[in-house]
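Notes follow the structure.
Everything numeric in this text was worked out from a predicted model, so none of it was measured.
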Amino acid sequence: MSGPASPDVTVLGAGIVGICSALSLAGRGLRVRLIDRDAPGQATSYGNAGIISPWSVVPQSMPGLWKKVPGWLLDPLGPVSVKPGYLPKVAPWGLRFLSEGREGRIQQISDAMDMLNRNCVELYRQHLAGTGHEELVQDSYYVHAFRNADAADLNSVDYRMRSDRGADMERIGTSELRDLEPALTPEFQAAILIKGQARATSPGRIGTVLAEKFQAMGGEILRQTVRAIQPSGTGGWSYTTEAGQEWTPKLVLAMGVWSGELLKPLGIRIPMESERGYHVSFRSPGVALNNSIMDMDMKFVASSMEEGLRVAGTAEFAGLDQPVNQKRLDGLVKLARALLPDLRADDMDTWSGQRPSLPDSLPCIGEVEGFPDLIAAFGHSHYGLMMAPKTGRLVADIVSHTPVNEDLSPFRTRRYERIKA
């Protein structure tokens with residue numbers, strides 16, 4: 001079926017958030033155009049760790065985190081790195097980030113995360129139903145593995161946050177962990193199993209399959225680079241690509257970290273940092289994992305996927321235009337070998353992508369204040385894969401004027417403009 005000549009709504013950005021938004025909009029009977037410079041779902045969304053967890057309700061910034069940051073920055077294998085020349089630019093963001101981790105704030109953020117993640121597994125199953133690729137989402141535990149048994153504490157703040165919101169969790173010792181995941185290093189003394197969730201066996205293929213479903217519903221996908229957006233004098237929005245300027249009645253901005261750049265000419269400043277993530281995929285690993293594993297000491301995730309065994313993690317703050325940092329990739333390989341002693345690491349693919357991160361771990365969702373018919377759907381940091389289906393549903397509600405029975409105030413696009421740095 002050919003795409004619509006004149007869409008009711010245009011979605012800029014075909015990452016997993018844009019794809020889920022386009023699918024939900026098309027499901028309401030709207031004519032939808034989806035635009036991205038890359039193939040759908042093959043940029044930042046392609047490279048994540050594949051975790052689809054309703055229990056990702058723990059903000060990135062937590063009380064006491066500031067004590068750990070210096071050690072992480074000094075450790076070449078640590079979970080966070082900042083390019084020295086970028087430190088002055090990222091420092092104000094970092095201070096806001098740490099202030100969001102205060103005791104009185106984290107429960108509010110957790111409730112907002114819970115609202116976006118609560119039904120993520122079920123919503124993916126609905127999106128994949130009938131595509132013939134339902135196996136791309138598989139039931140899984142999230143195994144948090146610890147070398148120090150005392151650190152595996154179900155009464156710690158982060159696990160209490162999960163259990164308060166309904167997570168089913170269990171603490172296990174070395175022998176049970178060995179039975180569950182024989183490939184892991186015997187150095188792990190304990191693990192916490194987070195149950196009732198799923199993993200993606202190929203995040204990139206989920207993007208492709210759902211984009212094809214969107215097209216089969218009559219949706220249109222264009223490969224173009226969006227350079228600017230502006231409100232039209234007669235209502236609606238104009239956007240500019242290399243093909244020229246086009247008009248659309250409603251515009252959904254789902255371009256991840258690049259969304260902030262498009263908003264600057266409108267006078268909107270969003271404290272969004274590009275947090276570069278890396279992964280290494282071992283094509284013939286010789287070992288397999290049955291669940292998603294997080295090494296809780298080194299803060300990275302490993303999972304078996306169609307493309308091989310993927311190890312993903314690290315957050316690097318260096319700006320959008322920096323070359324890939326080979327040291328971060330080498331570090332991930334080293335960590336993977338320590339996690340999986342029998343790993344065959346000679347045949348690998350590497351990847352890097354930009355995560356759009358706001359200081360409060362929450363995305364921007366909803367009509368942008370002061371700009372009618374411009375709908376935000378960006379800034380999902382580490383949680384884009386799991387928050388995408390609910391975000392898409394909320395976008396469709398907003399565009400189709402369906403009452404939203406949820407509190408969207410935590411996701412206001414301009415929420416930081418009232419706080420002067």
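In this structure, M113 CE and H380 NE2 are separated by 11.0 Å, a value rounded to the nearest 0.5 Å. Between the CZ atom in R105 and the CG atom in D360 there is a gap of 5.5 Å [rounded to 0.5 Å]. Atom CD1 of I221 is separated from atom CD of E212 by 8.5 Å, given to the nearest 0.5 angstrom. Expressed to the nearest 0.5 Å, how far CD of Q189 lies from CG of L177 amounts to 10.0 Å. Rounded to the nearest 0.5 angstrom, K83 NZ and S81 OG are separated by 11.0 Å. Rounding to the nearest 0.5 angstrom, the gap separating the CH2 atom in W55 from the OG atom in S163 is 10.0 Å.
For the pair A183 and A288, the tightest heavy-atom approach, listed with the atom from each and the gap, is CB-O, 3.8 Å. Minimum heavy-atom separation, S381 to S357: CB-OG, 3.2 Å. When every heavy atom of G366 is checked against every heavy atom of T413, the shortest pair comes out as O-OG1, 4.3 Å. Across all non-hydrogen atoms, the minimal contact from L289 to E181 is CA-OE1, 3.4 Å. When every heavy atom of A377 is checked against every heavy atom of T391, the shortest pair comes out as CB-CG2, 4.0 Å. Considering every non-hydrogen atom in both D373 and G236, the closest pair reads OD2-N, 4.4 Å.
Using a 4.0 Å cut-off between charged side-chain N and carboxylate O, D349 and R310 make no salt bridge. Comment: R205 engages E135 in a salt bridge, judged by a side-chain N to carboxylate O separation of less than 4.0 angstrom. The existence of a salt bridge linking R160 and D164 is excluded, since no basic side-chain nitrogen approaches an acidic carboxylate oxygen closer than 4.0 Å.
For the residue pair R344 / S284, no side-chain donor-acceptor distance below 3.5 Å is found, with atom types taken as modelled. Between the side chains of T208 and Q42, a donor-acceptor pair is found at a separation under 3.5 Å. At a cut-off of 3.5 Å, with distance as the only test, a side-chain donor of E273 or Y86 sits close to an acceptor on the other residue.
For R276, the CZ atom counts as densely surrounded, since its 6.0 Å shell holds more than 12 non-hydrogen atoms of other residues, nucleotides or ligands. Remark: Y141 OH is loosely packed, at most 12 non-hydrogen atoms of other residues, nucleotides or ligands lying under 6.0 Å away. For NZ of K195, the number of neighbouring non-hydrogen atoms (other residues, nucleotides, ligands) closer than 6.0 Å is greater than 12. With a 6.0 Å radius and a threshold of 12 heavy atoms from other residues, nucleotides or ligands, E242 has its CD atom above the threshold. The 12-atom threshold is exceeded at CZ of R102, counting heavy atoms of other residues, nucleotides or ligands nearer than 6.0 Å.
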What verdict does the side-chain contact (heavy atoms from CB on, under 4.5 Å) test give for L335 and D295, after you've listed the backbone C-alpha separation in whole Å, the side-chain angles of each residue and the deciding distance to 0.1 Å? CA-CA 9 Å; L335 291 172; D295 181 324; 5.8 Å; no
Between L222 and L34, is the side-chain contact (heavy atoms from CB on, under 4.5 Å) condition met? List the steps. CA-CA 6 Å; L222 298 179; L34 180 61; over 6 Å; no
Full working for side-chain contact (heavy atoms from CB on, under 4.5 Å) between F371 and R414: CA-CA 11 Å; F371 292 91; R414 307 181 73 173; 3.6 Å; yes
Stepwise side-chain contact (heavy atoms from CB on, under 4.5 Å) check, L385 with Y124: CA-CA 10 Å; L385 182 67; Y124 268 117; 3.4 Å; yes
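In this structure, T131 and L136 have side chains that are not in contact, with every pair of non-hydrogen atoms separated by 4.5 Å or more. Considering only heavy atoms from C-beta on, R118 stays 4.5 Å or farther from K390 through its side chain. In this structure the side chain of R162 reaches within 4.5 angstrom of the side chain of V57, judged on heavy atoms. A heavy-atom distance below 4.5 Å is found between the side chains of L408 and I398. Contact annotation: the side chain of L340 never approaches that of F282 to less than 4.5 Å [non-hydrogen atoms, C-beta and beyond]. Annotation: side chain of R415 is in contact with side chain of L358 (closest heavy-atom distance under 4.5 Å). Looking at heavy atoms from C-beta onward, L116 lies out of side-chain contact with Y383 at the 4.5 angstrom threshold. Counting heavy atoms from C-beta outward, L374 and L263 have side chains that approach closer than 4.5 Å.
Here the side chain of R125 pairs a donor or acceptor atom with the backbone of V137 at under 3.5 angstrom. Of the possible polar contacts, none joining the S61 side chain to the E100 backbone as a donor-acceptor pair under 3.5 Å is found. The closest donor-acceptor contact from the side chain of S232 to the backbone of S238 lies at 3.5 Å or more, if one exists at all. Between the side chain of S110 and the backbone N or O of I106 there is no donor-acceptor pair closer than 3.5 Å. For Y278 (side chain) and E316 (main-chain N/O), no donor-acceptor pair under 3.5 Å exists by modelled atom type. Under a 3.5 Å cut-off, the side chain of R269 and the backbone N or O of K264 do form a donor-acceptor pair. Side chain of R96 to main chain of P359: no donor-acceptor pair is present (N/O by atom type, distance under 3.5 Å, no hydrogens or angles). Looking only at distances, a side-chain donor or acceptor of S45 sits under 3.5 Å from a matching main-chain atom of I16. A distance-only check finds a donor-acceptor pair linking the side chain of R199 to the backbone of S304 [under 3.5 Å]. The main-chain N or O of C120 is never found under 3.5 Å from a side-chain atom of E122 such that the two would form a donor-acceptor pair.
Below 30°, between 30° and 60°, or above 60°: for F317 and W93 the angle between ring planes is between 30° and 60°, a tilted geometry.
Within the 6.0 Å centre-distance limit, the rings of Y142 and H144 are counted as a close aromatic pair.
Legend: side chain to side chain donor-acceptor pair (under 3.5 Å) pairs involving residues 10-22, not counting sequence neighbours, sorted by first then second residue: T10-T248.
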